[in-house]
Amino acid sequence: MPKNIPFVDLKLQHQPLKSELENSIQAVLERGDFILGQAVEKFESSFATACGVENGIGVSSGTNAIALGLQACGIGPGDEVILPANTFIATLIGVLHAGATPVLVDCHAETALIDLEAAQKAVTSKTKVILPVHLYGQMVAPSKLKDFAQGNNLIIFEDAAQAHLAQREGYYGGSVGTAAAFSFYPSKNLGCFGNGGMVITNNAEVANKMRSLRNYGAPRKYVHEEVGTNSRLDTIQAAVLNVKLPYLEGWNSDRNQAAQKYDTLLSPMKEKGIIPIQNLSGTGHIYHLYVIRVTDKSPINRDILKEKLGAAGVSVGIHYPIPCHLQPAYQNLGYKQGDFPNSEILSQQILSLPMYPVINEEQINHVVETMFQIIGK
Ligand SMILES: *Cc1c(COP(=O)(O)O)cnc(C)c1O
């Protein structure tokens with residue numbers, strides 16, 4: 001019987017890659033090309049290609065990928081960007097750092113993805129961007145996104161930080177819009193050994209501007225054509241990512257299979273008000289997180305369930321406990337409780353169960369068994 005089930009297990013994932021990783025990092029040390037070295041170029045082109053997009057520009061984090069990516073698309077002060085209220089705070093930070101005005105909208109309760117009808121009501125003459133978040137590893141439907149963007153004359157900028165090689169309607173995450181941001185934070189589906197991010201785009205002008213913005217705004221050394229910053233992907237991180245990228249598809253499919261296993265085992269819990277977040281993209285959902293809703297019908301409240309699972313050695317999480325509009329630091333945006341009901345309800349109901357590519361059947365059985373013990377069959 002497995003005792004403790006971690007929330008993610010990176011050690012186990014990296015163990016079989018140990019010598020490949022060491023060799024790749026060692027090669028950087030030997031070349032000494034620590035800033036924008038060979039490994040960065042290689043990773044930029046191979047990751048963008050894997051996503052079906054022409055250009056990849058490595059940056060220092062997913063947050064900076066959003067901030068600089070929007071700037072590279074020509075977005076700045078006076079421009080409104082529509083984004084969901086239920087996302088990781090970095091989406092909002094990215095928009096603010098680009099100097100643009102964030103306009104939050106609600107999500108669908110079933111999928112936790114942005115509600116485009118709500119977004120339609122939020123469009124003004126200043127709106128320039130729709131910024132969908134492919135939350136938990138499931139893409140917002142590309143066809144609906146494109147219709148929405150075309151109908152309102154907006155650009156699509158995807159937050160694909162949880163959607164590395166996610167698929168829906170034949171599109172990869174990050175290939176739907178003008179540009180997209182990725183994060184390689186260690187626990188993402190493709191993670192490095194520190195911080196990292198990337199913008200991908202088919203637009204050569206946006207790509208060139210990105211390369212300049214992340215590198216002091218200097219397309220050529222000491223010639224500063226833009227107000228840029230220092231936000232490059234480290235060569236050593238790229239060396240790690242080059243080793244891991246070929247395994248990503250396999251890991252994603254392992255996660256999807258683990259999720260199917262959870263779905264099956266948890267289905268009797270529907271009558272107890274425990275419902276997984278809906279998957280509308282089949283095997284295209286890459287399950288960065290496996291999230292259930294502990295609804296009103298449940299005999300047990302989400303926080304108590306979380307505590308009891310923790311006490312039983314099953315580590316779970318909440319993504320995210322406070323929607324962006326209710327975060328203390330952003331009260332100046334002028335939102336209040338009640339503005340985004342679905343986001344608020346979800347923040348009370350959601351629970352993320354252990355999910356990582358190497359989670360095995362016995363562990364999944366144990367998680368669900370423990371839930372049955374706590375809730376009762
Ligand atoms: C992780 C994440 C980010 C930010 O990435 P960092 O690399 O941590 O800056 C942005 N958006 C979403 C949805 C994320 O999950």
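Quick caveat, the model's predicted, so the values are computed rather than measured. Position 1 is the first residue of the sequence; numbering continues from there.
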Q: Using a 4.5 Å cut-off on heavy atoms from C-beta on, say whether the side chain of Phe47 contacts that of Leu190.
A: yes

Q | Under-4.0 Å salt bridge between Glu44 and Arg214 | A | yes

(Q) Between His224 (side chain only) and Tyr216 (backbone N and O only), is there a donor and an acceptor less than 3.5 Å apart? (A) yes

Q.
When you compare the side chains of Asp263 and Tyr290, does any donor N or O come within less than 3.5 Å of an acceptor on the partner?
A. yes

Q. Does Thr229 reach the main-chain N or O of Ser231 with its side chain, forming a donor-acceptor pair under 3.5 Å?
A. no

Q.
Is there a side-chain contact between Tyr320 and Ile89 in this structure, where contact means two heavy atoms from C-beta onward sitting under 4.5 Å apart?
A. no

Q | CA sep, side-chain torsions, deciding dist, call: Lys336, Asp339, salt bridge (charged side-chain N to carboxylate O under 4.0 Å, His left out) | A | CA-CA 6 Å; Lys336 58 183 188 313; Asp339 281 348; 3.1 Å; yes

(Q) For a side-chain hydrogen bond (donor to acceptor under 3.5 Å, both in side chains) check, start with the C-alpha distance between Ser212 and Glu225, then their side-chain angles and the critical distance, and finish with the verdict. (A) CA-CA 8 Å; Ser212 163; Glu225 292 183 357; over 6 Å; no

Q. To the nearest 0.5 Å, what is the distance between CG (Leu309) and CD1 (Ile304)?
A. 12.0 Å

(Q) Counting neighbours of CD on Glu117 that are heavy atoms of other residues, nucleotides or ligands and sit closer than 6.0 Å, is the number greater than 12? (A) no

Q) Do the charged groups of Glu361 and Lys261 touch, with an N to O distance under 4.0 Å? A) yes

Q.
How about OH on Tyr171, more than 12 heavy atoms from neighbouring residues, nucleotides or ligands closer than 6.0 Å, or not?
A. no

Q.
Other residues, nucleotides and ligands only: do more than 12 of their heavy atoms fall within 6.0 Å of OH on Tyr185?
A. no

Q: Would you kindly say whether Ser343 and Asp106 are connected by a side-chain donor-acceptor distance under 3.5 Å?
A: yes

(Q) Ignoring hydrogens, what is the shortest heavy-atom contact between Cys107 and Asn342? Give both atom names and the distance. (A) O-ND2, 2.9 Å

Q: Indicate the atoms forming the closest heavy-atom contact of His97 with Ala67, along with that distance.
A: CB-CB, 3.7 Å

Q. Mind checking whether Val133 and Ile114 have side chains closer than 4.5 Å, heavy atoms only?
A. no

**Q.** Under 3.5 Å: donor-acceptor pair, side chain of Asn86, backbone of Pro323
**A.** no

Q | Donor + acceptor pair across side chains of Asn252, Asn189 (<3.5 Å) | A | yes

Q. Do Leu305 and Ile374 come close enough that some side-chain heavy atom pair is under 4.5 Å?
A. yes

Q: For the residue pair Thr101 and Val81, establish whether any side-chain heavy-atom pair is separated by less than 4.5 Å.
A: no

**Q.** Taking every non-hydrogen atom, the tightest pair across Val8 and Tyr356
**A.** CA-CD2, 3.4 Å

Q) If we only count heavy atoms from C-beta on, is the Glu158 to Leu131 side-chain gap below 4.5 Å? A) no

Q. How many angstroms lie between CD in Gln257 and CD1 in Ile359, if you round to the nearest 0.5 Å?
A. 13.5 Å

Q: Compare every heavy atom of Pro354 with every heavy atom of Ser315, then report the nearest pair and how far apart it is.
A: O-CG, 3.3 Å

(Q) Distance check, rounded to the nearest 0.5 Å: Asn153 atom CG versus Thr127 atom OG1? (A) 11.0 Å

Q. Which pair of non-hydrogen atoms, one from Leu165 and one from Ala50, has the smallest distance, and what is that distance?
A. CD2-O, 3.5 Å

Q: Say whether Gln13 and Asp9, considering side chains only, have a donor N or O and an acceptor N or O under 3.5 Å apart.
A: no

(Q) If the test is side chain to side chain donor-acceptor pair (under 3.5 Å), which one of His134, Arg168, Gln167, Gln138 qualifies with Ser281? (A) Gln138

Q | Intermediate values then yes/no, side-chain contact (heavy atoms from CB on, under 4.5 Å), Ile93 and Tyr330 | A | CA-CA 10 Å; Ile93 293 175; Tyr330 301 99; 3.4 Å; yes

Q: Return yes when atom CD of Gln373 has more than 12 non-hydrogen atoms of other residues, nucleotides or ligands closer than 6.0 Å, and no otherwise.
A: yes

**Q.** Shared hydrophobic cluster, Leu104 / Ile66 (ILVMFWY, side-chain heavy atoms < 4.5 Å)
**A.** yes

Q: Would you check, one step at a time, whether the test side-chain contact (heavy atoms from CB on, under 4.5 Å) holds for Thr295 with Ile274?
A: CA-CA 6 Å; Thr295 65; Ile274 307 278; over 6 Å; no

Q | Salt bridge flag under 4.0 Å for residues Lys144 and Asp147 | A | no

Q: Report yes if some heavy atom in the side chain of Ile130 is under 4.5 Å from a heavy atom in the side chain of Leu116; otherwise report no.
A: yes

Q.
I'd like to know if the side chain of Thr201 and the backbone of Thr178 have a donor-acceptor N/O pair within less than 3.5 Å.
A. yes

Q. How about His14 and Phe193: are their ring centroids closer than 6.0 Å?
A. yes

Q. Quick one: do the Asp159 and Thr91 side chains pair a donor with an acceptor below 3.5 Å?
A. yes

Q | Evaluation steps, side-chain contact (heavy atoms from CB on, under 4.5 Å), between Phe34 and Asp234 | A | CA-CA 7 Å; Phe34 299 110; Asp234 282 338; over 6 Å; no

Q: Take Arg293 and Ile277 through the side-chain contact (heavy atoms from CB on, under 4.5 Å) test and state the conclusion after the steps.
A: CA-CA 7 Å; Arg293 294 171 61 194; Ile277 291 290; 3.8 Å; yes

Q.
Tell me if a side-chain donor or acceptor on Glu169 pairs with a main-chain N or O of Ser143 at a distance below 3.5 Å.
A. yes

Q. Do you know the tightest heavy-atom contact between Ser24 and Ala239?
A. OG-O, 2.8 Å

(Q) Distance alone, cut at 3.5 Å: any donor-acceptor contact between the side chains of His325 and Glu344? (A) yes

Q. With side chains defined as the heavy atoms from C-beta onward, is the minimum distance between Ile292 and Gln349 less than 4.5 Å?
A. no

Q: Give a yes or no on whether the backbone of Lys128 and the side-chain of Asp79 come within a donor-acceptor separation of less than 3.5 Å.
A: no

Q | Tyr136 and Tyr287 aromatic centres sub-6.0 Å | A | no

Q. How far does NE2 of His366 sit from CD1 of Ile5, to the nearest 0.5 angstrom?
A. 5.0 Å

Q: Could you tell me whether Lys209 and Glu205 have a side-chain N and a carboxylate O separated by less than 4.0 Å?
A: no

Q) Can you check whether Val294's main-chain N or O pairs, donor with acceptor, with Ser298's side chain at less than 3.5 Å? A) no

Q.
Under a 3.5 Å distance rule, please check whether Asn64 uses its side chain to pair with a backbone N or O of Ser61 as donor and acceptor.
A. no

Q: Say whether, by atom type as modelled, one donor and one acceptor occur between the side chain of Gln260 and the main chain of Arg255 under 3.5 angstrom.
A: no

Q. So His164 and Phe184, would you call those rings parallel, tilted or perpendicular, with 30° and 60° as cut-offs?
A. tilted

Q) Rounded to the nearest 0.5 Å, how far apart are CZ of Phe372 and CG of Asn365? A) 10.5 Å

Q. When you measure from the side chain of Asn55 to the backbone N and O of Ala207, does any donor-acceptor pair fall under 3.5 Å?
A. no

Q. So His319 and Phe7, would you call those rings parallel, tilted or perpendicular, with 30° and 60° as cut-offs?
A. parallel

Q: Indicate whether the side chain of Gln348 and that of Asn301 have a donor and an acceptor atom separated by less than 3.5 Å.
A: no

(Q) Quick check on Glu249: does its CD atom have over 12 non-hydrogen neighbours (other residues, nucleotides or ligands) under 6.0 Å away? (A) no

